[in-house]
Each structure stands twice: as structure tokens, then as C-alpha cells.
S.K.: 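Have a look at this one.
Letters A, B, ... mirror the listed sequences (proteins, then strands); counts begin at 1.
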Amino acid sequence: MLAYITAVAIVFCIYALLTLSLNLHFGFTGLINFGHVGFFAIGAYAAALCSLNGMPYVVGFTAAAALAALAAWPLGLLALRLREDYLAIVTLAFSEIVRVVITAEEWLTNGVQGLPGIPRPFASLGIGGNAELAYLALVVTAVVLAILLIRHLVRSPFGRLIQAIRDDEVAVKALGKNPAGVKVRVFMIGAAIAGIAGALYAHYMNYIVPDQFLPLVTFYVWMAMILGGAGSISGSLVGAGVLIGILEGSRVVRDLLPNVMQVEMASLRLALVGLLLVLFVLYRPNGLMVKRDES
Amino acid sequence: MRFNRREIMLTGAASLAAAMAPVGFARAAEPYRIGALNPITGAGSPYGSGTQKTILFAAQEVNDAGGAAGRMFEVFAEDTQTAPEAGVLAAKKLIEVNKVDAIFGTWSSGVTLAIMPLTDAANVILMTNSGAASISTLDTKDLVYRYSTTGIRSGRAISGVIEKEGLTRVATMAFNNASGRDLVAGVKSGWEEKGHSLVAEVVYEPNRPGYRSELQQILAAKPEIIMLGSYLPDTTIIVREARQMGSDVRFIGPGYAIAPKLSESLGAEAVEGLMAVDYVSSLDSSAYAHFSKRYQDEMGSDVGENFYASCAYDMVQCTALAIEAAGPGADNTKIAANLRKVSNPGGKVVSGFAEGKKLLAAGEEINYEGASGPLDFDEHGDVKPLFKLSKLRSGALEYQYMLSL
Amino acid sequence: MSLRISNVDKWLGGVRVLDNVSMEVPDGGLIGLIGPNGAGKSTLFAVVSGFEPADGGEVRFADSPLGSTGPVARARRGLMRTFQVPRPFSKLTVRENLAAAAPGQRGETLWGAFFGAGAARAEQAAIRERADAIIDFLNLNAVRDSLAGQVSGGQRKLIELGRVLMAEPKMILLDEPFAGVNPVLQEEISDHIRTLNGQGIGFLIVEHNLAALSRLVGHLYAMDRGRMLMDGTPADVLADPVVREAYTGGAV
Amino acid sequence: MGYAYYVGLAINGAVEGLTIGLAALAINLVFAVGRFPNATTGDLMTVGAYAGIAVQQSGLRSLWLQGLAAVGASMALSLALYLFVFRALRGRGMLAPLLASIGLAILVRSVLSFFAGHDQYVFQLPIVRPIMIAGIPVQSYDLWLGGVALVCVLLVMAILFLSPIGRQMRAVADDLTLARTSGINVDRVYLVMWLLVGFVTGVAGMVLGVRTVVMPEMGWNMLLPAFAAAVLGGVGSPAGAVLAAMVVGIAQEMSTPVLGFTYKIGLAFMVLVVILAVRPAGLFGRVERVR
């Protein structure tokens, strides 16, 4: 039981990292990003390839963050110039380009066959309980660090500026401050966090393949962020929790409802995700954890 | 001591099942818990539900026969969603929460590769239908058994068929995923070993509104036959497009893609003579006859399109026989050691658990010949497959001949 | 620091919305600009503040040409603007709105957000003090810690003014400061403008409330359909038949 | 590989482009009038295709009847989505309706698969051999598809540019506030727009269903390429969307001898990114102004 809960907690933490970083992008800075899974994928492959080639974990994690941030840089520049609806589509397209490149460049990524046997930190602790708990400690540390980082950023004058940009970019310009550099930097920081999430995911799953990085992951993360509340750190955790609750909870529910077939359960699970997203957008757009109301 | 289907479905609440168990069961040994981890949704969904139901009713048959070495089979069903992440969480739940002893019926190689470290660590027997070659080599404890063969082996078998049919201009067209690629890789290596070369090779991306340019490139090389490594939906589209482009090229492919449903969709004429190479479900074996009838009753559809379900049936039967042979109180290592003993040649041929149990009790050696084939495992725990060729004739698959590697 | 606009043209979708417009705001001047709807006042503001490029002519500030520089560069030189519909940072408090406007903050850089915490703290304390002084000056104390999105329309106008003041302007382009503001507050705003003008800040004010504007400024420009009609004392301009015609013509 | 080969590729691209172009046309309508990228477009198509299949399964073999059912189902669903969700989100910016449409897309698809399962369905049509024109094989279904697409575009354009409601629709697309103050019944405009979207997606779903197989994910899979085409074609230009989809389709297929069949998928997206990098407002779009 403990190891199952540990596993769910680890996956929760990975989604929490994704939600937090998307929240930094959108919730705090107003950057519309529908390509988050692209950064996640880049991080996963960077870390996997590094450690499969015998490099230390530190190198893999650094590469994951750095490459994801690097990929965010041109996208951030584009974000400065585009209408937000176009940006939504361009970022979505970006994540698909990432997936196509990973699929096509087989010499590097092994293409659709995926990368098996990615080593996991703490494997020396023996297989099972302790190693799992140690890994959980690692992902929890990552989440805590991400929270501290984002909280520090948001509460700093830099954070005040990004929130001003979110609220009204034109007004920021009129005050003689250039939003461009700030937005690109935030884009890169959030991407780096998503990249770290990807690295943690790759090492945990031991196996990655391009099909794991579909746009649906991005939509899941958006749902988690909207549910918790854009611009709320605690909201990101709550949102990711609800998401994992839905995805995993359906297993438990099905054990109790023998008459519901697995296929139907899968449909119901997905339907619930979609329905929640619609209902929150309609009736609770500020999410569960945001009390500040816009007039 | 009858365990009806509903009770097996309910075993998720294990205590409930125990409470409802008959008295005779109470003195029996710890049940043998099985995780039915199948692709209910995602790319494997055409096979997952049937596979899962099969594991349930096969387990019921074992229980009907009094259990294996006194142990009743308890089944916990899960969905891999054909995705490694969901598969890993499901496997964790099965291993940790439901305390399963074995996991049956994983399908996509991604899921199998992702959960192997878990089953390996927990000494859980893993029986799979995945095709990736690396599964054999990554199995260190000899607890992983493959009931359908690798894609590469299937591909090599297909190249043998093509040669036997006397065709020389051969092209391949593969869905860009692991199984499609393995299949054509097998065809290619088999074909080249025979001293030929392929006239065209195309790998295509799925979920497109059409595949005409891909076909056009292949048809430009004027092949006599196209080896298609696709699933049924794409096969439907591609064969139709080829005909609409005016080509009468032949197609050959795995049985899950070249199916009678094609002629329902496209008309018998368009698909006349298409060749399906499939594992031999021992069509004439009594295990298959029994299983296919059960399957028809449970699922309301023909098992012909779901070879993996017949594998799943054999997983349960074979494991039960191995447990019986290992005797009471055996652990998984010992049970696994008995798998080859009860299924490989040498003993008296049996076609089901009840029959085998009697012979074992009589101290005889047995050789289970299952619904999916003769079921002989090699040193990697992979079955040595037998293949058969069928052709679509007037809308139905017509058996032609068997071939081995 | 004077603002000189010479022969500026602007086309939008085949329409010449600014037609050879010229005007001047002297150093420390207090100038009004009037004209009926569609006269091109807002477009002129957009062009002068750098949000829209001009299609001809020249804008000079402090005797140097602004060329094709953007809004950020112009604001940094001290040529700042407000908006017809205020643009507060609605999810920041009023005080944060003002603090965010202070120029050249070390803490606003990524580096500064992490390193040199002591210096940044001191800098922020100073900024807060200045912001509080301006909040005091603009009588916004009651809403200092409210979210800017939740205060009244008139107060939003004041927040915009306050933000601009934080940014140390040399000249302010005010876009309809009295619109939607009650008469009492209008007088207050006028007083603030006079005080600031007395400290040497130049003003160019677009306003529809001609009476209030005439009481405030000493010199008035009038525009219609993209063209500058005339300029002079408020009394002269408002009495001019061409200007009156433009207004009544616009009304018909 | 002679010229016929490349002409063949171009035809393939044009045909695939037309299929996607119909979806892009529907996206473009919502983009222009409703001001958000409508992610339910693909699933509206899927629902249409399933409605057509339902008619076929009930024994009615007429493609026209099946098409009618498809159009009717898509229109009904489109209207329902507007009345129950999108109407309440008017004036809430771009993101709220976009997110809602993503949620609705997921919801519609899972409800559909709950009832219809994951098995494939096929429109059972006779296979027609191509005729040769100047050494190029031409398929009659392609001509049909081209005709249907053309009729669709012309119909949408006729409604947009010739009818009073179309004029009002364009006015709403240009400036919502201005349209409202000038007395346009905005509610009615939206209603008609969503019905039009339902009509186009119904036709698109039918076309896609006839060309491929009917499965729950069929429409969703077309969404991203259709988004790309809609943006490239320019908001507010129905012909532009279809044209852009065809151009992208042709470019994709013609690129396959060089890029191969994996990268061709990425090509549409790369073209999109590159063009928007150079022209942020799209090929025919307008730049938003600061007032």
C-alpha cells in the first residue's frame, strides 16, 4: 500500500511541478502557453540521454533545465509579437514540433521505440520501499524548491513587474519599462522547471517514448491550474492533487463498482476532466484557492 | 465450489470475496492473485477488453476445477491506457495494494518495459503480449514470459510466406510505432537473408486524413505485394486508397490488420486475396475450440480478431498447471521453473487445467497445448511461435498453410 | 523640455487620420487639445507616445528628434502618457501600482531579485515612501491597500496619474483626465495638475469637458478630422466660428 | 520520378488540404466572430460522422441522407454548445472560451466513446477506379470532395457577404461594441454563426468519415493542422482558410521526397511559426491597435 501511495505521490509531485511552472507563465505573468508538454519532453529526453550515456545525474538534470529553457527562448521572443490567440496555437504547434523531431531523429532518441532502461537515482538503496521513498524525497524537494523560487520571485519587485505585465502590458510600456526581456526570462524559468519535471519523470518511469508527450498532458496541466486558481501557488498544488485524484481515483472507484467496465470507466474519467474544466471556466474562473475577486 | 463470474469481478474488495467464499475454501491455501493489466483504452483498446474478460473466465475455470495446488485464483483488473505512466501506476497498485503474484496480458511494449523493474523487484511473474525484443534481454530472474512472439520474428515469418508465394517485388509500409517498425524490420532482415532486397520502404505517421503520397511512393516502385505493418483502421484506409488509385497490388499483414472486417468495409472484391499471417491459434486443438466458444459467449464477438485473448487464456491455464506441478506452498521462482515443464514437449498433451491436474496427480508428465499455440518456451521465456497463412476469400479468412521459422 | 510636433501624417486603412498636424508644448507648458470625436486626438497621442508609428512628419522632445523610437524609450526620456480608459494593474494594490512604476529598480532585474538583498530592500523602502507620499498627495490613502481593479473610475484616473508621477516625468500627455469623474474630484485633479505644473512638469491635456479645461490651461489647440484648426487662448479658440462649426457639425 | 509523380503529390496535398480546410473554415468563423480558437471543431466533425454512420447502420444507404444527418447532428450540437456554454462566456476574453472548448472537446469525445465504443465504423461506398487525364490518374471522389468544399465555401461567403445577417456578422467581427451600439442583434448573429459552424463541421465530418474511418478520435486528430491553416489563412477570410489549408497540404506532400513522411507533419507547424515570426498578424490578418 505504502509503495502505491508513494508512486501516486511521485506522479502528483511531477504534475505539481508542471502546474507551478505553467502558473508562473500564465497565472503570474499572463503568458499564454499551450506547449508546456514540449518543455516536459525536452527535459525528459535530455536527462534520459545524459544518464544513458553514463553522465552523472547532476549533468542530466542541468541539461534538462538548460535545454528546456533554451527552447523557450525563441518561443518567448515570438510571444512578444503575437496576439494571444495566435500564441496559443503557436505554442501548441511548438510542442508538436518537439514530438515530431523526437520521433524522427532516431539516431539520438531511438524514435518510436523509445528509450528503455533509464537509470533511477537511489537504485543502490535496493529495489522497492527505500529507494521509492528516497525518490519521493527527491521530487518533494524539487517541488519545495520550485515553490520557494516562485514565491521569492513573485514577492520581489521583479514579481511585481511580471504581475503588472500580466494585468496590463501596454501600461507597463507607457511607464518606460520594457516587458520583452522580462517575459522571455519568465518563459525560460518556467520552461526550465517543466524540464526538471521531465527529468524526474524519465528517471522514475525508466522508459520514455514520444507518445507520452501528447498535447493532452498540456491540457491536463491547464485544467489543474484553472482548478486551483491562476496566480495561486497553493492552488497549483490543489489543482494537481485534484487531477491525480481523478486519474488515479477512478481505479479505486472501479474496484467498488463492479458493474462499470474498464472501458466505460476510462470514458467517464476523461469526461470528468473535460466537465470540470468547463464548469470551472463557467462558474469559478478564479479557481478553488483564489479569493481575490475581480470586479 | 463454484465461483461465479460476479464474485470474481468483485474481488477488488478482497475481504468481501473471502467472506463469501465457501467453507471448503477457508482451509485452502492463500489465493493466487493475478493482475489483469490490459490496454482497455488507447491504441490497444481493440484487444484489451477481450483479453481482460478472458483472464476472468479462465481464472474461473481454474477455480471450478478446485484451484491450483489448493490455491484459488483471484483476479484484479486494471487498465494500462496503453500508456507507460498509467501502466506503472496500475502495476504499483496491483502489486502493493492488491498484492498480486502475477500480472497477465500487458500489450504495448512501452508499458511492459516500464513495469518490468517493478515486477522484477517484487518477484511477480509477468506474462506479456508485447513484441519488443529488449524485453527478453532485460528479464534477469526468468519471471517474464512472452506468449506472442516478437514483431521481428513475425516479420521474418512473413518474409517466408512471401517467398513461398513466389513473389519477388516486395515493399513495406509501416505505422510509425514500435510494433509496426519491428514487423517491417523482421520482413526486411528475413527478405535480405534470402538474397532479395525490398523495392520500397515507407514509414508513415498515423492519424492523417489520408496516406496517398506514401502509397504513391511505394507504387512507383511497382511492387507485387506490400507488407503492411498497421492496425485495422489504417489498413482499411490504405487498402481503399490503393484501389482508388487504380492499383491491384496485393497486401500482406498481421492477422489483427488483415481481418474479415476489411471486406465488410470495402467490399469483398477489393480485398480478395489479401494475406494474413498470424500466430497459430491451434485451430484444431481442443483448447482453442473450448476457448473460442467461451469467448463468443462472454464477448458476443468472434475471437478471430483477438489473438491476444487466446494468449491470455493460456497464461492462466499454463500458470495454474505450473502451480499445480510445483505443489503446495511453492513461491514464484519455483512456479516459474515449472512453466516449461508443463508446456514444453515431452509429456502427455493436455488442453486444459482440469485435464492436466488429473494427470499431474497421477504423476504423469504433461505438455499443455493451448488455445494460442503449442506453447513451448525458449530460454528467454518466449514462445516458439508457429505461424499460419490465411487469405481473404469472398470476405472470409481462408486457412492456407502453416509455417515455422 | 519642450515637445514639438511638426507636419505629422498618419494613415489608417486608407483614411488620413492625421493630416499635416503641427503643435508645440513649451518646457513646463500647460496646453489643452480639443476636438470632436474622431478628430484624431487619441491617434495623435498614440503617435507622440510611440505606440503608433507616424507616416510622415517629425516629433521632437527636448530638442532631439524621437524618430521611430517606441513607447518605452519615449517614456524613459520623461515623455509619458495616461489613457482615456485607465489601465490599472488590477490585481495589484494601489500602492503596488505606484511602486511598480518607479524607474530603474535594481530588484526588478532577475539578478537583483536574488542577489544584493540588502540594497534592494533599502531601495524598495525608499520607493514605498515615495509612493506613500504621492498617494497622500492624490488623496488615495483610503484605498491604498485595495486592489486597483476594485476602486472607482475616478480613483483609477488618479492611480494612473500617480503611476506616471512615480516614473519621474518631464512631460505628461493626459488623455481625458475628467471623463467619468465627479465635479469635486475634477477640481481636485485640476489642482494636482497645477501644483505639478508649478514644479516644472509640462502637460498636454486632451479633454471633452471644455469648461473645466479652459479653467485649467492657458493655451488651447483645436483639431478636427485629422487637421489642426487653430490655437490660442481658450476664450479665442472656443469663440472661433470654425471650431464651433466643427463641434456642431460633429453633433449633426 | 517524372512530373506526373509531383502532380500526383500535389493532388494528394490539395485533397488532404481540402479535408482539413473545411475544419479550418469552421475555426475561422468562430475566430473572426467569437474571437477564440474553437477546440471543439474536431469533435463536432466526429459527432457528424457518427450521425451519418447511425443512419447507415439503420439500413439507409443514401449518402445524401447520411450527410443530412451529419449536418443536422453537428448543427444541433454546435447550437447547444453555444447556448449552454459559449454564450455565457462572451466578453470574457479569448482564454475562457478556449479553455471551455478544450474541456468540451474532451467531454464530447468521451461521451461519444462511452456509447459508441472504440471500434471503427466505415461508410460503405463502392470503390471507384481513377480515370486518366493527361497521364494523371484522377479520382472521382476527389472531384466530389472538391465540389463539396467549393459549395461550402461559396455558401459561407454568400451568407457572409451577400445576406443582411452576414453583414451583421462581419460588423460584429470588426467591432463588437460598435455593432451593438448600432443596433445589431448580437445574439442572433452569434446564433447564426454557430449554426453555420455546425453546418460546415457536419460536412467536414462526413467528408473525413468517407475518406477515412469513423472513430472517436478522428476529428480531434485534425484539430491542430486545421488551427494552423486557420491562422495562416487569416482571420475573417473563409476562402483564405481553405486556400491556406490547401497550400499547406500541397507543400506538405510535395516536401515528402525531401523531408520524408514524419517531418511532413511538422512542416505545417513550422511554416506557421516561421510566418508568424515574420508577420505576427498572419498572412492576411490585422494588427490590433492601442488606443
Side-chain angles (χ1 to χ4, degrees), chain A residues 26 30 32 34 74-75 77-78 80-101 103-106 111-112 170 173-174 215-216 218-220 222-223 226 230 263-283 285, chain D residues 31 35-37 39 84-85 88-89 92-115 117-118 216 223-225 227-228 230-231 235 259-273 276-277 279-282 285 287-288 290-291:
Chain A
F26 176 75
I32 300 219
F34 276 90
L75 211 54
L77 291 181
L78 208 55
L80 303 175
R81 302 171 44 118
L82 291 184
R83 295 166 39 161
E84 55 176 14
D85 43 4
Y86 286 9
L87 185 60
I89 291 170
V90 164
T91 47
L92 200 51
F94 155 78
S95 70
E96 281 293 275
I97 292 174
V98 168
R99 199 168 61 87
V100 168
V101 171
T103 307
E105 298 303 321
E106 292 172 11
V112 291
V170 169
K173 282 187 187 165
L216 189 63
T218 304
F219 299 150
Y220 278 163
W222 267 94
M223 192 211 81
I226 295 293
V263 192
E264 296 164 348
M265 199 65 221
S267 292
L268 291 176
R269 179 175 53 224
L270 214 55
L272 188 59
V273 171
L275 189 65
L276 272 182
L277 186 51
V278 176
L279 291 180
F280 268 77
V281 169
L282 275 177
Y283 301 114
Chain D
F31 226 144
R35 288 160 192 275
F36 71 95
F84 292 115
V85 180
L89 294 175
R92 288 262 309 269
M94 180 284 294
L95 195 70
L98 169 59
L99 287 171
S101 75
I102 290 171
L104 284 171
I106 294 173
L107 182 62
V108 166
R109 191 152 22 106
S110 44
V111 169
L112 194 67
S113 62
F114 184 88
F115 290 107
H118 287 88
L223 187 64
L224 271 176
F227 268 164
V231 170
V235 171
L259 289 183
F261 296 109
T262 297
Y263 268 124
K264 81 165 181 185
I265 304 175
L267 188 75
F269 303 136
M270 290 187 206
V271 167
L272 176 74
V273 171
L276 286 183
R279 274 192 63 98
V287 184
E288 307 256 304
V290 173
R291 292 186 66 84

S.K.: Can you tell me which of Ala230(D), Gly266(D), Ala88(D), Ala277(D) forms the most heavy-atom pairs within a distance under 4.5 Å of chain A?
M.R.: Ala277(D)
S.K.: For Ala88(A), is it the side chain, the backbone, both or neither that has a heavy atom under 4.5 Å from a heavy atom of chain D?
M.R.: side chain
S.K.: Within this structure, what is the CD1-CZ distance for the pair Ile102(D) and Phe219(A), rounded to the nearest 0.5 Å?
M.R.: 4.0 Å
S.K.: If you compare all heavy atoms of Ser110(D) against all heavy atoms of Ser267(A), which two are closest, and at what distance to 0.1 Å?
M.R.: CB-O, 3.1 Å
S.K.: Do the non-hydrogen side-chain atoms of Val101(A) and Tyr263(D) ever get within less than 4.5 Å of each other?
M.R.: yes
S.K.: Where on Leu99(D) is there a heavy atom nearer than 4.5 Å to chain A: the side chain, the backbone, both, or neither?
M.R.: both
S.K.: Is there side-chain contact between Met270(D) and Ile97(A), with at least one heavy-atom pair below 4.5 Å?
M.R.: yes
S.K.: What part of Phe94(A) gets within 4.5 angstrom of chain D, counting heavy atoms only: side chain, backbone, both, or neither?
M.R.: neither
S.K.: Supply the atom-to-atom distance Ile226(A) CD1 to Leu95(D) CG, rounded to the nearest 0.5 angstrom.
M.R.: 6.0 Å
S.K.: If I measure from the heavy atoms of chain D, does Pro74(A) come under 4.5 Å with its side chain, its backbone, both, or neither?
M.R.: neither
S.K.: Report the distance from atom CZ of Arg99(A) to atom CZ of Phe269(D), rounding to the nearest 0.5 Å.
M.R.: 8.5 Å
S.K.: Got a second to check how far Phe227(D)'s CZ is from Asp85(A)'s CG, nearest 0.5 Å?
M.R.: 10.0 Å
S.K.: Could you check which of Gly260(D), Ala96(D), Ala39(D), Pro97(D) has the highest count of heavy-atom pairs closer than 4.5 Å to chain A?
M.R.: Ala96(D)
S.K.: Checking heavy atoms, do the side chain of Phe280(A), its backbone, both or neither come under 4.5 Å from chain D?
M.R.: neither
S.K.: Is it the backbone or the side chain of Leu224(D) that comes under 4.5 Å from a heavy atom of chain A, or both, or neither?
M.R.: side chain
S.K.: Between Ile89(A), Leu82(A), Leu270(A), who has the most heavy-atom pairs with chain D when the cutoff is under 4.5 Å?
M.R.: Ile89(A)
S.K.: Let me know if Phe115(D) has heavy atoms under 4.5 Å from chain A in its side chain, its backbone, both or neither.
M.R.: neither
S.K.: What part of Phe261(D) lies closer than 4.5 angstrom to a heavy atom of chain A: side chain, backbone, both or neither?
M.R.: neither
S.K.: Between Ile32(A) and Met94(D), is any pair of side-chain heavy atoms under 4.5 Å apart?
M.R.: yes
S.K.: Nearest 0.5 Å please: distance from the CG atom of Leu107(D) over to the CG atom of Leu277(A).
M.R.: 10.0 Å
S.K.: In the structure I gave you, are the side-chain heavy atoms of Trp222(A) and Leu98(D) within less than 4.5 Å of one another anywhere?
M.R.: no
S.K.: At a heavy-atom distance under 4.5 Å, which candidate from Gly111(A), Ala104(A), Pro215(A) has the highest pair count against chain D?
M.R.: Ala104(A)
S.K.: How close do Ala93(A) and Leu272(D) get, counting heavy atoms only, and between which atoms?
M.R.: CB-CD2, 4.0 Å
S.K.: With the side chain counted from C-beta on, respond yes when Val273(D) and Leu78(A) share a heavy-atom pair under 4.5 Å apart, and no when they do not.
M.R.: yes
S.K.: Under 4.5 Å heavy-atom distance to chain D, tell me which part of Leu276(A) shows up: side chain, backbone, both or neither.
M.R.: neither
S.K.: Is the backbone of Val281(A) close enough, under 3.5 Å, to the side chain of Arg92(D) for a donor and an acceptor to pair up by distance?
M.R.: yes
